[in-house]
Amino acid sequence: MIQIKFQNFLDMFTPIIFIYIIFSLGWKNFLFFNVEFLLGMVLIISMLHFFILLDKNLEKGYKSMIFLSLFILILTLIFSFLKIFFSYYNENITSDIKIYTLISLILYVLIRITYFMRIVYVKIHNPAFIFITSFVFLSFLGSILLMLPASTVVKKISFIDALFTSTSAVCVTGLVVLDTAKDFTYLGKIFILILIELGGLGILTITSFFSYFFRDGFSFKEAIFISNFLNTKTTNNVLSLAVKVVLFTLTVEFIGTLLIYFSIKEKNSIESDNLLFFSIFHSVSAFCNSGFSTLSQGLYSQSVRFNYLFQLIIAFLLILGGIGFNILFNFFSYIWLTIKKYFLKIFKDEDFRCPVHVVTLNTKIVILTTFFLLFFGTVFYYISEYHCSLSEHSSFHGKWIVSFFSSATSRTAGFHVLNMNTFTPITIFFTIFLMWIGASPASTGGGIKTSTFALALMNIISLSRGKNRLEIQRKEISSESIRLSFSIIMLSIIVIYISILLIIFLDPKEDILSISFEVFSAFSTAGLSLGITSNLSNGSKLILILLMLLGRIGIFNVMIGFLRKNKIGSHHYYRYPKGNVLIN
């Protein structure tokens with residue numbers, strides 16, 4: 001009984017800790033913001049957690065969460081006491097302890113939130129609705145954090161600008177109304193970085209990752225929901241897939257950080273006080289296809305504009321992030337089995353037969369579509385901008401690398417190394433086309449997706465040849481997939497068209513081409529702009545915020561979340577007589 005009371009106390013105490021963190025960051029001279037109070041708070045919470053673990057009747061999932069929370073708090077206490085014991089008690093040490101303690105408390109709150117969300121999304125019978133609300137919640141939470149005095153250099157930013165920046169980070173878009181480098185403090189940039197990571201992976205993927213530690217109480221129903229979040233058709237090893245996604249992301253971002261750090265030769269020329277943070281920020285931003293940069297002019301800054309090795313690293317990071325986790329895992333499985341096959345044949349003289357159809361049809365379609373878009377996009381930028389924005393790049397290889405980078409980033413990333421104000425009209429329209437297609441399914445990018453575009457195009461060709469079904473490599477594509485692809489295309493066009501009309505009405509002084517470019521960029525979470533974002537009215541900014549959310553979540557997921565009925569017996573087991581409608 002006593003353990004239950006302490007358990008309820010901790011559940012109620014969690015939001016108090018969160019509010020305390022907000023106040024601590026909002027007021028530098030907050031009354032209780034000192035090392036002694038922080039360490040005392042962590043020590044008391046740790047003792048309560050330890051006491052709760054003694055309860056043998058505790059639910060297994062909750063017990064795992066308590067154990068993980070206790071582990072993080074104990075590490076914080078050990079670090080703090082060792083720091084005090086082996087060093088002099090000075091201002092720098094107390095500052096370090098404050099930062100690490102606050103980080104541990106934030107992780108503690110995050111773990112408890114993920115456990116709470118695990119309970120919530122089991123009780124709600126609509127996975128799409130939970131997926132939507134998670135992004136909306138994260139956007140509003142991020143706006144609150146970015147409005148704190150400790151997050152900004154300026155005294156105060158408006159709620160609309162904070163919400164726009166937060167949504168742009170969560171939806172990994174990259175459109176900005178404020179200068180990330182100058183208007184946000186180091187802490188504000190860390191908040192933006194965390195929002196980018198959570199938005200790129202999806203907070204529900206993070207929830208699934210933590211659920212791996214709570215899996216003793218994991219149900220089949222939860223596995224079905226998480227399989228929806230991870231865009232996989234099977235519930236087998238769904239938690240392992242979530243762990244693979246998170247670990248793969250962290251590994252690639254770590255390698256990207258190292259490569260970016262060593263690619264910067266003239267370190268004094270980079271407009272950043274901390275080169276390591278610069279590397280981490282851009283590695284995460286590139287892999288998550290967000291387009292945020294700690295440089296005032298983005299990657300068009302003089303310090304990195306002609307660093308072609310740096311551009312290649314960023315380009316490959318955003319391609320990996322935008323191609324889709326399922327595609328990557330499937331492709332890597334094929335490479336691993338191929339290496340294993342030749343290794344056994346050469347060194348052990350054994351025959352190894354790879355499983356049939358290792359590379360799925362979905363993987364082939366996505367990889368081929370991505371390859372053709374990158375190839376033709378590179379050639380197009382090279383030809384169309386050779387005498388315009390590419391003229392400042394004198395070397396032959398430099399022009400091709402910049403063209404390749406522009407082709408890769410235009411579809412969803414939002415970085416730019418060319419002066420977009422000098423783009424020819426045909427280049428602007430081609431960039432809009434690439435932004436509209438976007439990245440691949442189950443990735444960190446947006447757009448209608450490469451597979452949607454490929455299926456729609458191949459279906460048009462199939463109908464033109466007089467076929468009544470779509471067949472690819474001796475496999476028939478389901479009518480549901482074809483209908484879904486055309487529905488997504490039509491919905492995207494309708495939403496984009498309505499948004500352009502509304503922004504033209506709200507900001508009639510802006511150029512219609514720039515407005516169209518901005519709308520396509522927001523909906524496709526591409527993040528590119530012709531420079532009108534900060535000049536738009538609050539009404540137009542709200543429209544762009546809604547577009548970014550729709551683009552990241554998926555407009556069809558939004559319709560499913562609000563319109564689909566999940567009641568028992570809602571399936572239709574009947575069919576009406578067919579009716580013919582004249583089309584052409």
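Residues: numbered from 1 along the sequence shown. Since this is a predicted model, take the numbers as computed values, not measurements.
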Treating Ser301 as the side-chain partner and Ser303 as the backbone partner, does any N or O pair qualify as donor plus acceptor under 3.5 Å?
no

Notebook entry, point to check: On the ring face of Tyr382, is Lys399 found with NZ or CZ under 6.0 Å from the centre and within 45° of the axis?
Noted result: no

Check against side-chain hydrogen bond (donor to acceptor under 3.5 Å, both in side chains), Glu518 and Thr533
CA-CA 7 Å; Glu518 201 83 10; Thr533 314; 2.2 Å; yes

Any side-chain heavy-atom pair of Thr424 and Thr427 under 4.5 Å: yes

Residues passing the salt bridge (Lys or Arg N to Asp or Glu O under 4.0 Å) test with Asp161, sequence neighbours excluded, are Lys541

**Prompt:** Checking ring pair (Phe, Tyr, Trp, His ring centres under 6.0 Å) for the pair Phe453/Phe433: CA distance, chi angles, key distance, verdict?
**Reply:** CA-CA 11 Å; Phe453 173 75; Phe433 172 71; 5.7 Å; yes

For Thr363, the side-chain contact (heavy atoms from CB on, under 4.5 Å) test, sequence neighbours excluded, returns Ile327, Asn330, Val359, Thr360, Ile367

Exactly one candidate in Ile196, Leu549, Leu138, Val136 meets side-chain contact (heavy atoms from CB on, under 4.5 Å) with Val170; the answer is Leu138

So, Ser524 side chain and Ala526 main chain: donor-acceptor pair closer than 3.5 Å or not?
no

Sorted by chain and number, sequence neighbours left out, side-chain contact (heavy atoms from CB on, under 4.5 Å) with Ser481 holds for Leu455, Ile477, Ser478

The side-chain contact (heavy atoms from CB on, under 4.5 Å) partner of Val176 among Asp179, Thr180, Leu178 is Thr180

Practice item. For the pair Ser151 (side chain) and Met147 (backbone), establish whether a donor and an acceptor sit closer than 3.5 Å, ignoring hydrogens and angles. Key: no

